[in-house]
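In what follows, every heavy atom counts, from backbone to side chain, and hydrogens, waters and symmetry copies are set aside.
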Amino acid sequence: MPEKDGTPMDNGNSASERSTSGDRSYTSTIWGTDSQGNDVTVSFGREGSSREGHTLISSGHKSDSDFYKEGGHDHADGQGGYASRGAHDDDDD
């Protein structure tokens, strides 16, 4: 398990293990921490893809299957839009 030092770490899941068809559009999931020290899982839109600039995020360190299931992550479109599906607690209190 990654240390809580803010350094993103690939969770080790290969693209073939992912339960999504977005393999060409998004990076493998990465485990890290947010500015408050909370564990998060993220995936980024790949450069040159239709999802470039997009970010998927979820609270906690999740497996790919949990992250990519319906409602398993929130979605920022890179242009100010944010679709909250309740997967990321972004409360900065």
Side-chain angles (χ1 to χ4, degrees):
M1 180 170 279
E3 294 182 24
K4 286 189 172 192
D5 64 0
T7 304
M9 297 182 68
D10 189 309
N11 71 10
N13 292 338
S14 70
S16 63
E17 295 173 320
R18 292 177 55 193
S19 60
T20 179
S21 60
D23 295 338
R24 293 184 190 122
S25 297
Y26 288 97
T27 63
S28 296
T29 54
I30 300 169
W31 291 339
T33 57
D34 63 17
S35 62
Q36 303 297 313
N38 301 307
D39 292 341
V40 294
T41 303
V42 297
S43 179
F44 302 101
R46 293 189 184 276
E47 185 176 345
S49 77
S50 63
R51 301 297 185 198
E52 183 174 351
H54 291 226
T55 302
L56 309 178
I57 187 166
S58 179
S59 295
H61 291 161
K62 291 187 174 179
S63 67
D64 279 350
S65 60
D66 286 340
F67 184 79
Y68 285 107
K69 71 180 181 183
E70 186 173 339
H73 59 268
D74 291 355
H75 185 168
D77 69 8
Q79 298 182 14
Y82 189 84
S84 177
R85 299 175 177 118
H88 180 243
D89 177 15
D90 58 357
D91 185 16
D92 289 334
D93 294 349

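- Atoms CD1 and OG, from I57 and S84 in turn, are 11.0 Å apart once rounded to the nearest 0.5 Å.
- Taking OG1 of T55 as the reference point, atom OH of Y26 lies at 8.5 Å (rounded to 0.5 Å).
- Of the inter-residue distances, the one linking H61 atom NE2 with D39 atom CG reads 3.5 Å to the nearest 0.5 angstrom.
- Here D89 contributes atom CG and Q36 contributes atom CD; the two are 10.5 Å apart, rounded to the nearest 0.5 Å.
- Residues R24 and S49 come closest through the heavy atom pair O-CB, 4.0 Å.
- A distance of 7.0 Å separates OG of S43 from CD1 of I30, quoted to the nearest 0.5 Å.
- The shortest distance between side-chain heavy atoms of W31 and V40 does not fall below 4.5 Å.
- Between the side chain of S58 and the backbone N or O of T41, no donor-acceptor pair lies under 3.5 Å.
- Between Y68 and L56, some side-chain heavy-atom pair lies under the 4.5 Å cut-off.
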Let me check something: any side-chain donor-acceptor pairs from residues 70-78 under 3.5 Å, sequence neighbours excluded? List them with distances.
from: H73; atom 1: ND1; to: F67; atom 2: O; distance (Å): 2.8
from: D74; atom 1: OD1; to: R85; atom 2: N; distance (Å): 2.7
from: D74; atom 1: OD1; to: G86; atom 2: N; distance (Å): 3.3
from: D74; atom 1: OD1; to: A87; atom 2: N; distance (Å): 3.1
from: D74; atom 1: OD2; to: Y82; atom 2: OH; distance (Å): 2.9
from: D74; atom 1: OD2; to: H88; atom 2: N; distance (Å): 3.3
from: H75; atom 1: NE2; to: H54; atom 2: ND1; distance (Å): 2.7
from: D77; atom 1: OD1; to: Q79; atom 2: N; distance (Å): 2.7
from: D77; atom 1: OD1; to: G80; atom 2: N; distance (Å): 3.3
from: D77; atom 1: OD1; to: G81; atom 2: N; distance (Å): 2.9

